[in-house]
Structure formats: C-alpha cells, structure tokens
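Okay, so here's the structure we're looking at.
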Amino acid sequence: MEKAYNQAHETDIYQKWEESKSFTPEKDPNKKPFTIIMPPPNANDPLHVGHAMFVSVEDILIRYHRMKGDAALWLPGTDHAGIETQFVFEKKLAKDGKSRFDFDRETLFAKIWEYVQDNSGVAVAQMKRLGASADWDRFTFTLDPNVVTFVYNTFERLHKDNLVYRAEKLVNYCVKCGTGYSELEVEYEERIDPLYYVKYPIKDSPSEFVTVATVRPEPLFADTHLAVNPKDKKRKHLVGVTVLNPLTGAEMPIIADEFVDPAFGTGVVKLTPAHDANDWAVAEKHNLPRNVAITMQGKLTDKAGQFAGLRVLEARKQIVAFLTTNGFIEKVDEKYSHRIATCYRCHSVIEPLPLPQFFISVKPLTEPALLAIKNKQVKIHGTGREKILVNWLKNLRDWNVSRQIVWGIRIPVWYEVAKNPNISVTFLSESGEKVRGELGELLNHYPLSEITKGLQSLIAPNDSTFVISQNNPGDGYIQETDTFDTWFSSGQWPVVTLKVREGDFEYFYPTSVMETAYDILPFWVMRMLMLGLYLTNEVPFTDVYFHGLIRDEQGRKMSKSVGNVINPIDLVEKYGSDALRMALVMSTTPGTDNNVGESKVRGMRNFSNKIWNATRYVVEGSKEEPVLASKLRDEEVLTHISEIVDTATKMLDSLKLGLAAEYLYQEFWRWYCDQVIEMHKKGEITTKTLTRALHTFLNLLHPFAPYVTEASYQQLSDKKTPLLITASWPVK
RNA sequence: GGUCGUAUAGCUCAGUUGGUUAGAGCGUUCGAUUCACAUUCGAAAGGUCUCUGGUUCGAAUCCAGAUACGACCACCA
C-alpha cells in the first residue's frame, strides 16, 4: 500500500462503480424507493462550489439509502437555462461582430443548440469527478423532445382549466436583452440622478404653475393627466383644474387618487400609465389613455415630435434643455438618490413597457401548496425557510411566462393570419433583407412561407385570436415567437423526468428529498410544489433540504470581479474529492451560509489520509492474534461500535448531515485511531475485533468520503461484496 | 416599510431538541520521529455562549425586550 492516500486513483474507482451498474436502481416492489431529482445545472457552464455542495449532500443521501437496501434513484439532468445561455451566446456573437438580429430565430436556435452541445459534457464530467453516483442512464435535458411535449401538454391543460390568459400588462422589459422578465428577475440598484421640478402652466391662468418632480421627463409628451391626493387639503383645490403640457401644449386635467403621497415630492404626480406600474393601475381605475412613449428598442415613439427616435437618455438631455430654455424647469436636485429597476443579467435599466404576454393564474396553484406545507406533506429543512416559502406563496402575483428570446421552448400558440392582419412581424427575407411590418400588408409582397422561414419575432396585438396546438394547425397560421420562462419547464421537473420513462413515475413518485440552494426557493422550489400538485395531486417531494450559499473564508460572496471564485475541480485535484465533500458538509447546517476556505479542505484531506493509514495498519500489521488477558476490552469496543452505528443512522435519517459527518470524524480519529488501534498494539484486543470495527467505519464513512473508503476497502481481504458502494449499511 | 434569520475560542463554524467540566477545523505555544500516518503524535493556552429580564430544580438551548449584523420582498413620482 502506498504510504499516503493518493487521490489520483479516484477516476479509476469511479469507473469501477459505473461498470458495476450500481447507480441504476431496480424497481423491486419489495424495496423502498428513495428518489432525488438533481437540480439540473446550466448545461453550458462549468460547475462552481455551490454545485459541489449539492453533489455532496445528494450523493451522501443516495449512497446511504443505496447501502440501506432502498431502491435509490438519483436522476440527473441539465438545464437549457434560457436567458442565461442566450445572453452568453450573444456575447460570443458580439465578439465576431454579430448579433441575434442577424439571424432568423430557427437558425439562431440551431446555433445555440450546437454551442450548448459543445460545452454540455463539462458539467457532467465534473459531477462524476466529485463522485456523483447518479443514474446517468436516466440523464435528461430540459429541451429533450419528450420533455418539450410534456411541457406543451401541461400548458394545454392549464389553458383548459382557465389558468392561462393572455393580457397586455406592463412588463419589466430589458431593451438590451430584448426580453421581458418576471418580477423575480429585476434587481434594484441605488442610483443618484437629477430630480427635475417641471412647471405645468395652468390653462386659465397661464402665469400660475403646478410643479411636479420627476426623474424621467422624457415620456412627458405622452402624459395626459396629473394627480393629487383627494385628502391633501393644501392641493385639493387643484382637482379638476386643467394644466398645459409644457412640451406639447396639450390640455391635461388634474385628477384625484389616493395613491399620491402628499408628503412626497411636490405632492403632485404626472401620470405615465404605459411606463409605470402605479400609473398603469391608476389609469385602469380611472379609464385613462395609456399612451406609449418608449419603444421596445428604447427610443421615443414618433409622437415625440422633434425628439422622436432618440434613445431615452439622449431624449432626457434634450427635453430638459428644451424645458429649461422655455422656463418650465423650476429647479433641479442634482443629487437625488433613488432605487432603479435593472436587469439582473446585464444591469441595464429596465423599461416598463406594455406588452401582450401569457400569464398563469397562480391563486389556484398556491392554495394547495400552502395546504401541503401546513399539513406537513412536505417538510422544509433549513433555518427559517418554511416561513419564507409561505410568505411567497401568500403574496405571489400572476406569473408571466412569456420570454422574448429564442433559446427555450417555443410557446405552442398559433395565430390565424387572415383573422389577425395587424400582427407585426420582423423577418429576414430570402434576399437577406430585414423586413418589419404588419402581416396583412406584408402578405401582399411575400408568401407566408417566406415570412415564417425568416421570422425573427412577432408581436400580436392583445385582442388577437389564437389556438393552442403542438403542431401547425393548418395553412395560414403563424406561431408565437415567444418562449416559455425556463422555470415554467423546470417547475415540472420532478414529474416530467419520471413521466418520460415507462413505470418510473408509478414507482418513484413522489420523490423523497429535493435538495437545492435556498436562493432559488421562489423561482424553482415554489413552482415545483405548485405545478407538481397541479399535475399529480400529490406533493412532488416529501422533504426539501435547502443548503446555504458558499462564501469565501472571509464571508464574501464569490464573484469573478473580486477574484475569489473557487473552482471545485482545482481543489479536487489538489486534495481529493472526499476532502472537498467533507469540508462542504461537516459542521454545516441547512439554510445558513457557509464560509469555506482552502484550510478546511486541507484539514479534511488529512482525514482521508487518516482513513487510508488506519487501513494500512490493519492490512499490514501483525497477523498474529494476541493472547488476551480478558475479553472485556473486545466487548467494550464492539459495544461502542454499535452505539456509533445507531447514532450515525439516526442522524442521517433526520437529515442532520453536518452533525453526522462531525460525529463520525471524531469517533474515527479520536476513538478508533487514537485508542482502539493503540489497544491492539498493546495486545488488549483481537485483530478480528480491530478489523470488524474498521469494516464498520468504512461503511459508515462511505457516503461522506466514497473514494478513500472504497480504495481502503479494496485493500481488505475479507470482503463481503466486491465493491463498498454496494455493501450493506451496518445494523446495530 | 414588510417578512425572515444570525450573534458561541484569534478566524470559520457545530452544538443530536433543557441535563455533569460547552466542542471541532484552521491558527497559536511547547515537546516528540526508525513504531499505520509529519497529510503524524503528545501537551498547553484560549469562552461571562451579545446584553437585560423571565420560565425552570437546572438555560448556549425556551419566552420577552434591547443592541448589532445579514437575507429576501415592497416602495421612493
């Protein structure tokens, strides 16, 4: 035996495990199923330490249950990660001087597909390197054809149940990414911008003004009303007064609405319903026009007169200059601090824009989820996370599932061209020219087939009629170009991954543990719960285990710009997989963040070596059985071993992995190595007892440190099974 | 503003559900090497378990309040 444990052999060990087919469970009716659906990592990205965390925790549970004799299924997959991936791909295009707008959507999709295929092996290879004993035969990608079909069926079913509707609402639109986002994907940033106090002349008394403070003067030309609070005694008299739009001279009545805060700003607001969520709601209530001032390209519309076509920031500058010159700016607060919505992806300013989108009514889905939590059909592990989940479920708004990107599952909605001539489309003609216009008009010049072939995107007006169909319902139809929010398909993941294979769902559903980082609680876990219950009337999993985020040793978030990102594979190569796994799991608790640095990993590498060397002592030590003075010591050792088995088993059954790892670490090092081996050296216990105790420890430690325990096990002569991975969990 | 969480050794964290003397990893100090392991071993230093009050025979653990820090959500015309 080598003098120190050498992690270079880990890949050989992994290969033996794979060859033994032990990752694939038998659907034995006499066995208990234990199922974990892996949170699918982005197919396009290498792993970070957070992934190593989920691999560690899930693999521990799977190996434990496999050894216990359960039908342990760990079902792996990867995610197409719609916006993330398209964003990365577009950056790559930009390097070649190209953009998404140079391609029709089908070509672009094919290119991204190819790009993802090229990269997708990396994440899987890395998970294997970490020792993941997942059933790779069941590997599923979120864009596999049978997954797509399943997602389509779900959408049809939701539609039949009246849970899908199309509506024009304000969406959080990122002009740069060219897509709308759900409320969850918007990040707020503190910004310092000028606050302009704009004077509106009163129509019947042009020397008097009403002043409104705004950071966004640019859509002013489209505003039609101002508002004050009806309870505001100082300004109540303004209700019903008409002022003039300082840009256009148009008449603007002042209305009353409670939403205005009299203490804020000047106590008077301008209403821009098409570009502000509050104003949108007020406009709906008072039935005001919702004039669009900003296009999806982030430019002022042609109603802006001399400012038409200008980008938002440039327009702001010029409009402020115009207002100043004409005496409509009372003052400017240059250091106004406020929070502004930005794109979580590219951090551009989000433009709220009205756009027809598909929505899912969430209320009928959240209620069963809340009930399931209340009735403990699903248990949440992770400090305080259950309350957070409940809070989300109680306050959730309808879910906008439309995304204006191509990398995803295309929404199976078709518009009949003849009935909807005012759908606006953008496409590349056969001659390669970009054409934009309304369908009815364009069909006079191009056949529909040419339009659909070169189609980039379409926007169907809110009142368009549509049918839901997985295939082209007939001649004269054009398909929606939006795709589903990635989370709409991954929200069905525990159901779809089991449904796509004969018999799996019946045997393995509901799954056992859903293990993931708590930061995707609202995106993913909540939606799996909602959609899982909707699709099956059963919870998709009985336990949720939220692990914390991994931060660096100083507690900072890992980020590329700080340069403190740890590549798990670097650590694995340096210290071994087992060391990293132990470092991530030992003495940690679900739901709270963990600071992990290299020193802890190094410490756990030492532990791996300790296991190896204890085995070396047993294998290479004296084989002569000592003559015992009494059997007392032997019995003591065996009694304590069975206590350890009992305690460790209880800890694992209650998902206290951090505690179990720490406990076994202590018992192995401080008791077995420091005391039991020393007793043997002194001839106080038999070699048989010493060996039996080691066997038990290798079994108990195997879920946590699979490689070194397997390597050590292979050195022993009295093996009951050829591989430790398939050995039985010790019983008390 | 709302919801939630955290506070334990120099640093990073556990603490098995209220029970002797509160633990680990890393770090520090002193000592040890032909012995399974220097990726080791032995020894040591290091804690008013944030503060105040309460419940209890007994509190790091339960309750109330304070302070500090953190997360998420809402909102800022």
Side-chain angles (χ1 to χ4, degrees), chain A residues 1-6 183-184 186 188 190-191 195-198 212-217 223 226-227 259-261 263-272 275-279 282 336-341 382-392 394-396 518-519 521-522 548-549 551-555 557 575-576 579 582-583 586-589 591-622 647-648 650-651 654 656 658-663 665-666 669-670 673-674 677-678 680-681 694:
Chain A
M1 281 177 79
E2 290 180 69
K3 201 166 172 185
Y5 171 63
N6 181 357
E183 53 179 317
L184 305 184
V186 175
Y188 287 86
E190 206 72 39
R191 293 263 174 104
L195 179 67
Y196 305 99
Y197 287 77
V198 181
V212 174
T214 180
V215 285
R216 301 207 59 176
D223 295 350
L226 301 184
F259 98 102
V260 182
D261 178 358
F264 197 93
T266 62
V268 188
V269 298
K270 70 187 188 75
L271 296 175
T272 313
H275 303 283
D276 180 277
N278 274 327
D279 299 359
V282 174
Y336 180 68
S337 166
H338 64 141
R339 276 156 57 88
I340 191 162
T383 320
R385 301 297 152 189
E386 176 172 327
K387 287 180 187 167
I388 292 175
L389 178 56
V390 166
N391 197 41
W392 267 106
K394 282 185 176 161
N395 297 304
L396 199 65
Y518 68 74
D519 60 343
L521 180 153
L549 307 182
R551 296 161 183 280
D552 75 2
E553 226 159 0
Q554 282 94 49
K557 249 186 176 168
Y575 300 112
M582 280 294 281
M586 181 165 137
S587 298
T588 63
T589 189
T592 46
D593 293 349
N594 305 291
N595 300 357
V596 174
E598 198 165 331
S599 63
K600 189 171 182 187
V601 182
R602 199 186 313 123
M604 294 304 127
R605 184 272 317 265
N606 298 352
F607 181 62
S608 298
N609 190 55
K610 195 75 183 170
I611 296 174
W612 177 257
N613 272 293
T615 306
R616 207 150 77 86
Y617 175 81
V618 171
V619 170
E620 295 179 354
S622 161
T647 307
K650 278 182 184 150
M651 285 172 174
S654 54
K656 293 188 190 301
L659 202 56
E662 187 179 332
Y663 174 71
Y665 177 101
Q666 290 305 319
W669 197 317
R670 298 300 159 209
C673 294
D674 290 357
I677 289 182
E678 293 308 313
H680 183 262
K681 283 182 190 169
L694 179 69

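Here is how names work: the chains are called A, B, and so on, in the same order as the sequence lines, proteins then strands, and each is numbered from 1. Computed over heavy atoms, backbone and side chain alike; hydrogens, waters and symmetry mates excluded.
- A straight line from CZ of A:Arg602 to P of B:A38 spans 17 Å, rounded to a whole angstrom.
- Residue A:Asp674 contributes atom CG, which lies 11 Å from atom C1' of B:C37 at whole-angstrom precision.
- Within the 4.0 angstrom heavy-atom criterion, only backbone atoms of the sugar-phosphate kind lie near A:Tyr665; the bases stay farther away.
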Notebook entry, point to check: Which letter, B, S or -, goes with each nucleotide of nucleotides 10-21 of chain B from 5' to 3', with contact meaning a protein heavy atom under 4.0 Å?
Noted result: --SSBSBB----
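- Comparing B:G42, B:U6, B:A24 by their closest approach to the side chain of A:Thr383 singles out B:U6.
- Secondary-structure stems of RNA chain B, taken as three or more successive Watson-Crick or G-U wobble pairs (i with j, i+1 with j-1) under a 3.5 Å distance threshold, comprise B:1-7 with B:67-73, B:10-13 with B:23-26, B:28-32 with B:40-44, B:50-54 with B:62-66.
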Review item, side-chain donor-acceptor pairs of residues 605-614 of chain A, under 3.5 Å, at least two apart:
residue: A:Ser608; atom: OG; partner: A:Met604; partner atom: O; Å: 3.4
residue: A:Asn609; atom: OD1; partner: A:Tyr5; partner atom: N; Å: 3.0
residue: A:Asn609; atom: OD1; partner: A:Asn613; partner atom: ND2; Å: 3.3
residue: A:Trp612; atom: NE1; partner: A:Glu2; partner atom: O; Å: 2.7
residue: A:Asn613; atom: OD1; partner: A:Arg616; partner atom: NE; Å: 3.0
residue: A:Asn613; atom: OD1; partner: A:Arg616; partner atom: NH2; Å: 3.4
residue: A:Asn613; atom: ND2; partner: A:Lys3; partner atom: O; Å: 3.4
residue: A:Asn613; atom: ND2; partner: A:Asn609; partner atom: O; Å: 3.2

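- If you take NE2 of A:His338 and P of B:A74, they are 17 Å apart, rounded to a whole angstrom.
- Going from atom CZ of A:Arg339 over to atom P of B:C73 covers 9 Å, rounded to whole Å.
- Heavy atoms of A:Tyr336 sit under 4.0 angstrom from primed sugar atoms or phosphate atoms, though from no base atom.
- No side-chain heavy atom of A:Tyr518 sits under 4.5 Å from any side-chain heavy atom of A:Ile388.
- A close approach under 4.0 Å does not occur between any side-chain nitrogen or oxygen of A:Asn609 and OP1 or OP2 of B:A38.
- Contact annotation for A:Asp276: no contact, since no heavy-atom pair falls under 4.0 Å across all strands.
- A:Lys270 and A:Asp279 make their closest contact through O-OD2, 3.5 Å (heavy atoms, listed as atom of the first residue, atom of the second, distance).
- By the 4.5 Å heavy-atom criterion applied to side chains, A:Tyr196 and A:Val212 are not counted as neighbours.
- Taking atom CG of A:Asn391 as the reference point, atom P of B:G5 lies 11 Å away to the nearest angstrom.
- With hydrogens and angles disregarded, a donor-acceptor distance shorter than 3.5 Å links the side chain of A:Asp276 to the backbone of A:Asn278.
- B:U67 and B:A22: their P atoms are spaced 31 Å apart (whole Å).
- When the side-chain nitrogen and oxygen atoms of A:Asn606 are compared with OP1 and OP2 of B:U40, one or more of them lie within a distance under 4.0 Å.
- Not one side-chain nitrogen or oxygen of A:Trp392 sits closer than 4.0 Å to the OP1 or OP2 atom of B:A71.
- Under the 4.5 Å side-chain criterion, counting only non-hydrogen atoms from C-beta, A:Arg216 is not in contact with A:Thr272.
- With rounding to whole Å, A:Asn395 atom CG is found 13 Å from B:C73 atom P.
- Dashed line: the shortest gap from a side-chain N or O of A:Arg670 to OP1 or OP2 of B:G25 is under 4.0 Å.
- For A:Trp669, the side-chain atoms get nearest to B:C41 when compared with the rest of B:C41, B:A77, B:A24.
- Between the side chain of A:Lys610 and the base of B:C37, at least one donor-acceptor pair of N or O atoms lies under 3.5 Å.
- In this structure, CZ of A:Arg385 is placed 7 Å from C1' of B:A71, rounded to the nearest angstrom.
- Among the atoms of the strands shown, base atoms are found under 4.0 Å from some heavy atom of A:Lys681.
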